[in-house]
Number of protein chains: 2
Amino acid sequence: METITAEDYIKRIYSIERHSNFASTSSIAKALEVSDASANDMMKRLSEQGYVKYIPRKGVQLTKKGKIIALKIVRRHRLWEMFLVKFLGYSWDEIHNEAERLEHVTSESLEARIDKALNFPTVDPHGDPIPTANGELIETEYQLLNDCEKGSAGIISRVSDKSPEVLQYLKNIGLGLQTKLKIVDKISFDGSIIVKANKQIIPLSPKLAQCIFIQPVTA
Amino acid sequence: METITAEDYIKRIYSIERHSNFASTSSIAKALEVSDASANDMMKRLSEQGYVKYIPRKGVQLTKKGKIIALKIVRRHRLWEMFLVKFLGYSWDEIHNEAERLEHVTSESLEARIDKALNFPTVDPHGDPIPTANGELIETEYQLLNDCEKGSAGIISRVSDKSPEVLQYLKNIGLGLQTKLKIVDKISFDGSIIVKANKQIIPLSPKLAQCIFIQPVTA
DNA sequence: ATATAGATTTAGACTAACCTAAAAAATAAT
DNA sequence: ATTATTTTTTAGGTTAGTCTAAATCTATAT
Ligand SMILES: [Mn+2]
Ligand SMILES: [Mn+2]
Ligand SMILES: [Mn+2]
Ligand SMILES: [Mn+2]
């Protein structure tokens, strides 16, 4: 049985691996805000317990066993996020930390009931895909808003859930999942993107646009 | 900040105190299924942290600080139980263990939202009172079914939540909260209680009847 | 090729929980 | 009033998780 702490490590390794193949001690430590020594300790423990393959001085890779846990926790996290929004009226900027704790105290039965109550959702409130009960995850690759061309149109399909501030700001200016927008201009000297959405002209800083992922539409 | 373990100790001390004034080391140990030595350790820790007054060789008593935590956790436990029943279709015999974990990962905000979603319930699915947000608990003293007289009538108002088996059995024979019943007979040689409920004659063992609390009605 | 910087690991220590086995104190029984 | 039993506490040990400081290894730069 995994402890709450171990589950969070495993989940983080999973997300680091998606970019880097190997998850280094220091990247894990930084992501979880613990010392390198602590992360190193945990890698030894997780390796002994078969959750990761630990290659000293290189980093770790999740084993099949580790990946199963990671996807389980990600699934529960995203189901909870959806549940908090749909059943308790939370907005998308308030749910991450709640889900970060709830994900660790969720039985198979509770997971299944939440899934059913939500009518088996495929994405969470940030547009991130929810792994299926048997651990399959279909990642759709959307286009970064920054990379969209002037004149093109698209639908907001995923938003980075890293920063509550960004999410709150987007909510305030009326941008959310499924919002349709058109890129009316791209300012070359500072990288700003000017979009039209909800019949409004909205300027977005490059840092903000970096948080928004688009499904292009031809319209 | 309290750990999950400490919260469970505090909650248990609270419930023991309701009968015994002092909670002895061994009573706590037995209730939480840990060794006496472990419980003794924890009493020292809780006492240092001001949650209990520890009188060596006698036992502990919750301080005001401890009582506040106890009631907070009890509140969250019972709100979650109600929520699981009302929003996720759980039955009253399946909810205790889920709530036992969820109670520890519930923020003020989540607690408030659940409370609101349930329209501010005053009792949980077992008829136990839910402490208010500011820590008030109104205990209604019901009559034990065993103590009801032959010929008297009443409404099931509280059921012991100690055993899921009992709860499941009661569900199966059609007895639940608010069920109206009449004591048609009391068998002296084994202590059985024969009741009439839902137009059926139902015999209840003394052990079972001990789990049922009645609000008498004159009818 | 060697020095320096950066990342990783080890060493040693701490806290919260837990355990078993033994000691000490309080109760109950003779 | 002793003795026996039960309860409580202490002593000593374990595991998970954390830390800082020191050591070691790797990669980069001159
Ligand atoms: Mn988490
Ligand atoms: Mn999310
Ligand atoms: Mn609990
Ligand atoms: Mn209950």
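Just so it is clear, the structure is predicted and the values come from calculations on it, not from any experiment. In what follows, chains carry the letters A, B, and so on, assigned in the order in which the sequence lines appear, proteins first and then strands, with residues in each chain numbered from 1.
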Is A:Ser35 touching bases, backbone alone, or none of the nucleic acid, heavy atoms closer than 4.0 Å?
-> base
Can you tell me the distance, in whole Å, between the CE atom of B:Met43 and the C1' atom of C:dC18?
-> 13 Å
Among the nucleotides C:dC18, D:dT8, D:dG17, which one has an atom lying closest to any side-chain atom of B:Ser24?
-> D:dT8
Any side-chain N or O of A:Lys44 under 4.0 Å from OP1/OP2 of C:dT9?
-> no
Can you tell me the distance, in whole Å, between the CG atom of B:Asp41 and the C1' atom of D:dG13?
-> 12 Å
Atom NZ of B:Lys58 and atom P of D:dT9: how far apart are they, to the nearest Å?
-> 12 Å
Any idea which of D:dT7, C:dC18, C:dT9 is nearest the A:Arg57 side chain?
-> C:dT9
D:dT8 phosphate, OP1 or OP2: any side-chain N/O from B:Asn40 under 4.0 angstrom?
-> no
Mind calculating the distance between CE (B:Met42) and P (D:dT9) to the nearest angstrom?
-> 15 Å
Atom CD1 of A:Ile55 to atom C1' of D:dC25: distance rounded to whole Å?
-> 17 Å
B:Tyr54 vs D:dT9: side-chain N/O to OP1/OP2 distance below 4.0 Å = yes
Separation of A:Met1 atom CE from D:dA16 atom P, in whole Å?
-> 14 Å
Basic-acidic side-chain contact under 4.0 Å: B:Arg113, A:Glu94 | yes
If the plane angle is over 60° it's perpendicular, under 30° parallel, otherwise tilted; pick one for A:Trp80 and A:Phe83.
-> perpendicular
Would you call A:Glu108-A:Lys72 a salt bridge at under 4.0 Å N-O?
-> yes
Test B:Lys30 against B:Glu33 for salt bridge (Lys or Arg N to Asp or Glu O under 4.0 Å), laying out the working first.
-> CA-CA 5 Å; B:Lys30 205 163 91 182; B:Glu33 297 179 283; over 6 Å; no
Please determine, by modelled atom types, if A:His104 and A:Asp8 share a side-chain donor-acceptor pair under 3.5 angstrom.
-> yes
Would one find a side-chain N or O of A:Arg45 under 4.0 angstrom from OP1 or OP2 of D:dG17?
-> yes
Does a side-chain N or O from B:Tyr9 land closer than 4.0 Å to OP1 or OP2 of C:dA16, or not?
-> no
Mapping B:Ala37 and A:Ser38 onto DNA chain D by nearest heavy atom, which one lands closer to the 5' end?
-> B:Ala37
Looking only at side-chain N and O atoms, does A:Thr25 come under 4.0 Å of OP1 or OP2 in C:dT8?
-> no
Hey, which sits more toward the 5' end of DNA chain C by its nearest nucleotide, B:Gln49 or B:Ala39?
-> B:Gln49
Given atom CD of A:Glu2 and atom P of D:dG17, what is their separation to the nearest angstrom?
-> 11 Å
How close or far is atom C1' of C:dT8 from atom CG of A:Asp36, stated in whole angstroms?
-> 7 Å
